[in-house]
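To keep things clear, I will list the structure first and then write my remarks on it.
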There are 2 protein chains.
Amino acid sequence: MADSERSMATIKDVAVRAGVSVATVSNALNGKPNVGSAARRKVLDAAKTLGYRPHRAAQAMRTGRTRAIGLVLPDLTNPFFSQLAQAVESKARRLGLLACLIDSQNAADAELEGLSLLAQHGVDGIIWCPVGARLPRLLGALDRPIVLIDRPRPGFSVVHANNAMGGRLLAQHALQNGHSRVGLLSGPRNVQSAQQRRHGFVSAFPDRIQIAWEVRVGFDGILPREAREALLRRRGATLVVAGNDLIAISAMRFLHEHDVQVPADVSIVGFDDISWARIVTPRLTTIAQPLGAIGTRAVELLHECMSGAQAQNPALMLDVSLVERDSVRSI
Amino acid sequence: MADSERSMATIKDVAVRAGVSVATVSNALNGKPNVGSAARRKVLDAAKTLGYRPHRAAQAMRTGRTRAIGLVLPDLTNPFFSQLAQAVESKARRLGLLACLIDSQNAADAELEGLSLLAQHGVDGIIWCPVGARLPRLLGALDRPIVLIDRPRPGFSVVHANNAMGGRLLAQHALQNGHSRVGLLSGPRNVQSAQQRRHGFVSAFPDRIQIAWEVRVGFDGILPREAREALLRRRGATLVVAGNDLIAISAMRFLHEHDVQVPADVSIVGFDDISWARIVTPRLTTIAQPLGAIGTRAVELLHECMSGAQAQNPALMLDVSLVERDSVRSI
DNA sequence: GCAATTGAGTTAAACGTTTCGCTCACAAGG
DNA sequence: CCTTGTGAGCGAAACGTTTAACTCAATTGC
């Protein structure tokens with residue numbers, strides 16, 4: 001009895017204890033119809049008292065499914081992604097799936113290497129926020145369901161937030177607070193979500209909001225000189241609209257160091273509502289993405305794809321909401 | 001040729017293409033000595049042109065090793081852990097190991113469930129920052145190398161920072177800046193690292209630093225009423241020493257809302273140097289843990305344990321350093 | 001020149017599942 | 001009474017590796 005716990009009981013052990021064949025054990029455990037109720041009971045009992053757990057590797061070899069999924073992210077250090085990761089892992093576990101992590105640290109080659117590692121381990125599907133603008137060739141070869149997250153690519157399932165809507169919400173909020181001349185610290189041109197945020201904002205009230213200036217900035221929040229100069233001169237802008245919270249927070253930090261007060265001297269808004277948005281001074285007004293929901297839905301979608309159901313709805317777009325805090329002044 | 005890429009080439013395919021037996025392929029690929037240089041070449045060539053990758057599940061079944069490790073953390077959302085996770089994943093990948101994530105969200109039962117999921121998948125080892133004060137019974141049953149991270153438990157390998165040293169560094173810094181009366185917002189009594197930080201600080205200069213008050217606070221930075229009151233009254237303390245950065249930042253936020261200026265009215269120090277420490281206002285003076293090194297060393301240690309080498313050094317303690325920023329005033 | 005040794009390669013078993021096809025008993029239909 | 005059908009269960013093959021045991025030729029030692 002002591003060693004029944006020690007090194008994992010096998011299906012064979014269950015079979016002998018229940019007095020049936022291994023085939024019957026397998027059938028009983030997997031709910032196949034061709035097993036009588038008496039035998040089924042015996043098997044279930046035996047399995048329980050032996051603490052039997054199917055050997056995943058063996059199962060995988062026979063069935064080709066591992067009940068593991070891959071999660072490929074560009075940067076766990078970014079709270080946006082760590083929240084996402086938390087949601088994904090949690091939902092996966094609730095479905096009995098193991099989440100295998102790859103953090104490419106924004107390097108396309110590391111990402112590729114990671115994908116290949118996942119493929120080698122035979123994960124059943126992949127949730128992926130790609131760093132490269134176009135998806136690498138490898139994709140055909142890895143041949144598993146993929147659900148993109150946050151960054152759509154033609155021909156792929158994706159779940160992401162309604163970025164354009166966020167942009168519009170921001171425009172509306174700007175107007176309501178009397179800002180009609182703004183500066184843009186937009187995200188990278190090759191990241192689609194950045195484009196949509198920008199487009200949502202600019203096209204919402206083209207005749208009532210003027211763009212005083214615009215500079216493109218990386219999503220990591222590092223401000224090039226051009227951006228810093230723009231922040232200092234401002235050319236009449238009373239509000240700066242940042243491509244995401246990291247950018248907004250960097251800008252706030254920079255302004256603070258140069259003795260310009262937010263929001264007294266200039267207002268600022270972000271996008272994402274990462275947890276940092278709540279702790280900076282002043283607290284940042286921003287657009288909240290339903291991070292938990294995005295992660296959860298992505299896993300659900302992937303799970304459906306894995307169960308053969310060809311997803312007809314390759315794109316899932318979730319609503320965002322404005323969260324008002326202290327970084328916008330009403331004028 | 002088209003379908004040689006499609007559904008993963010097997011060792012058999014390599015064997016026929018190279019004109020040898022599968023055993024020889026296996027031996028060649030695993031660097032066994034009993035294969036001639038001519039055959040070895042042929043095998044290597046065939047494997048490369050076929051894009052052969054060993055089927056991990058099959059390998060696992062035969063050898064009992066999966067080349068995957070588990071990473072069990074209490075809260076990915078906490079930047080301390082997400083940085084750790086990044087380091088762990090990166091190092092693991094460099095060793096050809098897949099990192100499987102469990103985020104228990106500080107719930108002991110979720111943690112247990114996660115460990116069992118990992119065991120079922122047959123991970124070769126586990127890196128674990130445990131939430132519970134004492135380790136659950138299950139442990140004997142899961143029977144794989146375990147390396148703890150940040151939180152030592154009797155009888156287990158651990159890699160963590162020198163918390164006591166951090167406490168001493170802080171005390172020294174306090175004195176250098178003329179603070180001889182301080183308040184303590186210590187971490188939880190049942191978390192060892194919290195105790196060591198506190199002890200390092202208090203016992204460094206017992207006769208030159210007075211503790212004006214102390215209240216125990218959770219590491220998540222949520223301030224109970226007692227703590228808030230203490231922050232407002234202060235009883236002559238010119239410096240508050242927080243159990244970690246989250247606590248320090250919460251305190252700063254609270255003080256700011258009640259119009260007391262940091263560091264003009266009161267100074268404050270944290271512990272951990274999470275990324276937030278850099279972005280709050282004022283930027284937080286704190287103790288930096290070598291997060292990257294902790295993660296890396298943990299993986300290395302685990303890897304050694306997995307390779308049979310019984311680790312003689314169950315505990316690895318890494319030095320910390322003071323990072324001076326703007327939250328301490330010299331008086 | 002013959003036995004012993006070595007080097008290079010092969011065959012086949014094993015790992016723990018799932019599943020296909022089979023058997024066997026029994027019931028129903030004619 | 002014989003065929004056919006059905007429900008319950010079993011035996012064995014297969015999945016892709018690794019590895020122990022083995023063969024066979026060439027080389028060495030004497």
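In what follows, chains carry the letters A, B, and so on, assigned in the order in which the sequence lines appear, proteins first and then strands, with residues in each chain numbered from 1. Every value quoted in this text rests on a predicted model; they were computed, and no experiment measured them.
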Checklist entry - Got a donor-acceptor contact below 3.5 angstrom from the Arg67(B) side chain to the Leu95(B) backbone? => result yes
Checklist entry - Can you tell me how far C1' of dT17(D) sits from NZ of Lys32(B), to the nearest Å? => result 11 Å
Checklist outcome for this item: A correct 5'-to-3' footprint of nucleotides 11-17 of chain C, with B, S and - meaning base, sugar-phosphate only and no protein heavy atom under 4.0 Å, is B-BBBBB
Next on the checklist: I'd like to know if the side chain of Arg151(A) and the backbone of Trp128(A) have a donor-acceptor N/O pair within less than 3.5 Å.
Outcome noted: no
Checklist entry - How close or far is atom P of dT17(D) from atom CG of Leu29(B), stated in whole angstroms? => result 10 Å
Checklist entry - Could you give the distance from NZ (Lys32(A)) to OG (Ser26(A)), rounded to the nearest 0.5 Å? => result 6.0 Å
Next on the checklist: Taking atom CZ as the centre, does Arg53(B) end up with more than 12 heavy-atom neighbours from other residues, nucleotides or ligands that are less than 6.0 angstrom away?
Outcome noted: no
Checklist entry - So what does Ala39(B) touch, heavy atoms closer than 4.0 Å: a base, only the sugar-phosphate, or nothing? => result sugar-phosphate
Next on the checklist: Measuring from atom CG of Leu302(B) to atom CZ of Arg297(B), what distance do you get when rounded to the nearest 0.5 angstrom?
Outcome noted: 12.5 Å
Item to check | Chi angles and distances behind the side chain to side chain donor-acceptor pair (under 3.5 Å) call for Asp75(B), Gln86(A) | outcome: CA-CA 8 Å; Asp75(B) 180 14; Gln86(A) 189 174 57; 3.1 Å; yes
Checklist entry - What's the spacing between Asn162(B) CG and Ser193(B) OG if we round to 0.5 Å? => result 12.0 Å
Checklist entry - What is the distance from CG of Asn27(A) to C1' of dT19(C), rounded to the nearest Å? => result 8 Å
Detail all sub-3.5 Å separations between protein N/O atoms and N/O atoms belonging to nucleotides 21-24 of chain C.
none

Next on the checklist: To the nearest 0.5 Å, what is the distance between OG on Ser275(B) and CZ on Phe80(B)?
Outcome noted: 12.0 Å
Checklist entry - Contact class for Ala60(B) (heavy atom, under 4.0 Å): base, sugar-phosphate, or nothing? => result nothing
